[in-house]
Amino acid sequence: MTKQLGILLMLLLFFVGAFSQQKTIDQRVDSLLALMTIEEKVGQMNQYTSFWTVTGPAPAEGRQKKQYEQLRQGLIGSMLNVIGTENVRKVQEIAVNETRLGIPLIFGFDIIHGYKTLAPIPLAESCSWDLDLIEQSARMAATEASAAGINWTFAPMMDISRDARWGRVMEGAGEDPYYTAIVSLARIKGFQTQSLAANNTIAACAKHFAAYGFAEAGKEYNTVNIDPYTLHNVVFPPFEMAVKEGNVRTVMNSFNSLNGVPATGSHYLQREILKGKWNFDGFIVSDWGSVKQMVAHGYAEDDKQAVKIAATTGSDMDMESEGYVTYLADLVRKGEVSESVINDAARRILTVKFELGLMDDPFKYCDPTREEKLLYHKEHKKLAHEIAKKSIVLLKNERNLLPISSKQKKIAVIGDLAADDNSPLGSWRIGSDDHSAVPVLEGIKAYTKNYTYERGVALKNGKTDFLHHVKLNNTDTTGIGKALRLAKSSELVIVVVGEHGFMSGEGRARTDIGIPHLQLDMLKQIYEANSNVVLVLMNGRPLDLSWAEEHIPAILECWHLGTASGNAIADVLFGDYNPSGKLTMSFPRSVGQLPIYYNHYNTGKPFIPNTDIVFHSHYADQANTPLYPFGFGLSYTTYEYSDFQVALRDANKVKVSFEIKNTGKKAGEEVAQVYIRDIAASLVRPVQELKRFKKVALEAGASQKIEFTLTEKDLGFYNSKGLFVFEKGSFDIMIGANARDVQTKRITIK
Ligand code: GLC
C-alpha cells in the first residue's frame with residue numbers, strides 16, 4: 001500500500017511542479033505586461049531583418065539608423081538573419097541593457113535544411129522515408145543554428161503542392177498530406193525536442209498557413225481558390241498535427257489570398273481554426289511584408305487599415321512591413337484596435353521567449369566556443385552524408401549498368417553540374433557558405449582514377465545569388481565537341497545535368513520543367529555517340545524526363561543533396577550504398593499534365609486505357625499517368641510482396657498483413673506502402689490515400705512479415721464543415737512498392 005501511495009505522491013508533486021512552472025511563466029508574463037506601455041507591447045510584435053543578409057526585399061537605405069533607435073526604445077521584439085554569436089550578442093546587449101525593460105529579442109532564421117552543414121533539400125530528404133534520420137537532420141540543424149545564436153527557425157515548411165512549376169516544392173515533403181504531416185512532426189521534434197529551455201533547441205515554425213502550395217498555375221505568390229473540403233483533408237492535416245502533437249511554438253501565415261482573403265488577414269485561418277478549433281497557444285508571424293501587402297491584394301485601403309486587419313485577425317508579429325511599429329499603438333489609443341489584441345499577441349510572444357529561457361539568460365545562445373566547436377562538426381557531415389545517400393532515387397537501371405564496378409575503365413564524366421560545388425546546397429542555404437558542397441567529381445575520385453571529365457555546355461552565364469534569377473546559357477555550345485569526342489572514346493558515360501541550385505525555391509516558378517535546353521541537346525548527342533549512359537540528375541523539383549526515360553538506360557534522381565552531395569552520389573554510383581529512396585511527388589510526362597498527383601478523385605468518367613474513344617477523363621495527346629508515380633524508386637536488388645491478408649477486427653478496425661522478401665543478390669532497404677480507397681462515401685474520396693509505410697532492411701534472400709491495423713482515424717475523412725466522419729462501407733486496401741504497383745483486397749465494414 002505504501003509503495004502505491006509513494007508513487008501517487010510523486011505523480012502529484014510532478015504535476016503540481018509542472019503546473020507551477022507553467023503558472024510561473026504565465027505569472028511572469030502577466031507581471032511584465034503590467035509594466036509595459038502600449039508602444040512596448042507593440043514593439044514585441046515588430047520583427048526586422050538584420051543587414052548581414054536579407055531573404056526578402058532589401059530594407060530601404062538608411063533604415064539601419066532608425067532600426068537601432070527603435071531597438072533602444074524597445075520597439076523591436078525580434079530580428080531575423082542575424083549571423084553569428086558576435087552579431088547576436090551585439091544586438092541583444094542593446095535590447096537588454098539599453099531599453100527600459102530589458103526584454104531580450106528572439107532571433108529567427110530560415111534553417112530549412114541545415115545551418116552550416118546542409119542536409120539535402122527537404123523534398124529530397126523526404127524521399128528517404130526515414131523519419132528517425134529526418135528528425136536527426138533537424139536536430140543537427142538546431143544544434144548548429146543555436147550555437148550561432150539563433151533560437152527560432154522558420155521551418156518546417158509543410159505546404160502541400162501538386163504542381164512542379166512552383167519553385168517551393170523543394171522546401172516541403174511532397175504531395176501527400178499524411179506523409180507531410182509525419183515528416184513535419186519529425187522535423188519539429190528535431191528542432192524543439194521536449195525541452196525548449198535547452199540551449200541547443202530552437203522554436204520551430206509551421207509554415208505557410210495556408211494553402212500557399214495551391215498557387216494557381218504554380219505561379220509564385222499567386223491566387224489560391226480551393227474548397228473547404230480540400231482545405232480540411234489536404235492542406236490542414238500537417239498543421240493540425242504540428243500544433244496538437246508537435247506543440248509547434250510558432251506558425252507563419254502566407255503571402256497568398258485564400259478564397260478572396262489574404263492569409264495574413266484571415267480571421268478564419270488564424271482565429272477560428274488555428275487559435276480556436278486547434279487551440280494553438282504559440283504565436284503567428286506574418287511572412288515578409290505580408291501585412292502591408294494586403295494593400296496590393298486590394299484588401300486594405302492603406303497601410304494603416306492593413307495593420308488593423310492583420311492584428312485583429314490574429315497575426316501576432318509583423319515581419320518586415322514596419323506596419324505595426326508605425327500604426328498599431330495609435331490605433332489602440334484611438335480605440336480602433338482593442339488593447340486586448342496587443343496584450344494577447346505580446347503575451348504569446350513573451351511566453352515563447354520565457355519557454356526558450358531567453359528571459360532568464362538572454363545570452364545563453366551566444367557562446368563563441370560552442371559556435372567554433374559545433375559548426376561543420378565532423379559528426380554533422382557524417383550525418384549529412386548518410387541522409388544524402390538515402391535521399392537518392394533510382395529511376396531506371398537497364399542492363400544493370402549500375403552499380404559501376406571499381407574495375408570499370410574509361411569512364412567519361414560530363415556536365416557542368418558534375419564540378420559544381422554550389423548547386424547541391426539548394427537555394428535556402430543563407431546560413432551556410434557558398435561552394436561548400438562536395439562536387440560529384442570529388443566523390444567519384446574516391447572510387448576510381450579511371451575517369452576523364454569534360455564540362456560540355458555551360459549551364460549558366462555569369463554569377464548567381466539568392467535574390468536573382470540564374471541566367472541560363474541557351475546559345476553557347478562551346479565544349480560540346482570535346483564532350484562528344486570523350487563520350488565516343490569511353491566505355492561508360494556519366495552525364496550530370498539538371499537545375500542550378502538557384503533554379504528552384506522561392507520566387508523560382510517555371511513554365512518549362514524540362515532539363516535545360518542545351519543540356520538536353522548535349523545529352524541526346526552524347527547518347528548518339530555512346531548509349532552506355534548513366535544520367536545523374538540534380539534538381540529541386542520533378543522534371544519532365546520523358547525523353548531520358550525512353551532512351552537512357554540508367555537514371556539517378558539526386559536532387560540538391562547538400563554538403564555531402566558528391567560523396568553520397570558516388571556511394572550509389574559505385575554500389576557502396578544500394579539506393580532506397582522513393583519519390584514523394586509524382587513526376588509528370590509533360591508540364592501540360594500539371595497539377596498531377598496520385599490521390600486524385602476518380603471522376604464519373606474515369607480513364608479507359610487502350611481506346612481511341614474520346615469520352616472519358618484523359619488528354620487526347622498525352623498519357624493519363626505520371627512518368628514516375630508517387631512512392632516510386634528502384635533498388636540494385638528486387639523485392640517480392642506476398643501473403644497479403646486483410647481482416648476485420650472489432651471497433652471497425654482492419655488488420656493488414658503481408659510479407660516482403662528480398663529476392664535479389666544484394667542487401668537493401670524497401671519502403672513498403674499501404675493505401676486505402678473509400679469506395680463510396682457522402683463525399684467523393686480519392687482513388688488512393690497513403691495510410692502507412694515501413695522502411696525495412698533485408699539481406700539478400702531474407703523476408704519480413706509486416707502488420708498494420710487501420711482504425712476509423714485512417715478510414716475516415718473531414719466533411720466540408722471540417723467535421724471528422726467515419727462512414728461504414730467498402731474499402732479497397734492496397735499494398736505495394738509505390739502508388740502504381742499494388743495488390744488490392746476489398747473489405748466491407750457493416
Ligand atoms: C520569405 C519566405 C518565408 C521565409 C521568410 C523569412 O519570403 O516566404 O518562408 O521564412 O521570408 O526569410
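Predicted model, so just to flag it, every value in this text is computed and none were measured. Reckoned from all heavy atoms, side chains included, excluding hydrogens, waters and symmetry mates. Residue numbers count from 1 along this sequence. Numbering of ligands and ligand atoms starts at 1, following listing order.
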Heavy-atom side-chain proximity of Met317 to Ser78 below 4.5 angstrom: yes

Check: Thr563/Thr117 side-chain N/O donor and acceptor closer than 3.5 Å: no

So, does Met157 sit close enough to ligand 1 that a heavy atom of it is under 4.0 Å from the ligand? no

Those atoms of ligand 1 less than 4.0 Å from some heavy atom in Met252: 3 (C), 10 (O)

Hey, which atoms in ligand 1 end up nearer than 4.0 Å to a heavy atom of His208? 3 (C), 8 (O), 9 (O)

With Gln47, the side-chain contact (heavy atoms from CB on, under 4.5 Å) member among Val325, Ile76, Val285, Asp318: Val285

Restricting to side-chain hydrogen bond (donor to acceptor under 3.5 Å, both in side chains), what partner residues turn up for Arg249, sequence neighbours left out? Asn247, Asp281, Glu355

Glu320 touching ligand 1 at heavy-atom level, < 4.0 angstrom: no

Counting each atom of ligand 1 from 1 as listed, which ones have a heavy atom of Lys207 under 4.0 Å away? 3 (C), 4 (C), 9 (O), 10 (O)

So Thr143 and His380, do their side chains get closer than 4.5 Å, heavy atoms only? yes

Using a 4.5 Å cut-off on heavy atoms from C-beta on, say whether the side chain of Asn151 contacts that of Leu358. yes

Ser565 vs Met538 side-chain heavy atoms within contact, under 4.5 Å: yes

Against heavy atoms of Phe154, which atoms of ligand 1 measure under 4.0 Å? 10 (O)

Atom indices of ligand 1 within 4.0 angstrom of Phe255 heavy atoms, with elements: 7 (O), 8 (O)

Check step by step if side chain to side chain donor-acceptor pair (under 3.5 Å) holds for Gln194 and Lys189. CA-CA 7 Å; Gln194 293 305 318; Lys189 285 178 180 170; over 6 Å; no

Can you tell which of Val285, Asn81, Asp110, Leu80 gets a heavy atom nearest to atom 10 (O) of ligand 1? Asp110

One finds that the ligand 1 atoms under 4.0 Å from a non-hydrogen atom of Met319 are 5 (C), 6 (C)

Would you check the N or O atoms of Glu506, main chain and side chain alike, for any that come under 3.5 Å of an N or O of ligand 1? yes

With heavy atoms of Trp288 as the reference, note each atom of ligand 1 found under 4.0 Å away. 7 (O), 11 (O)

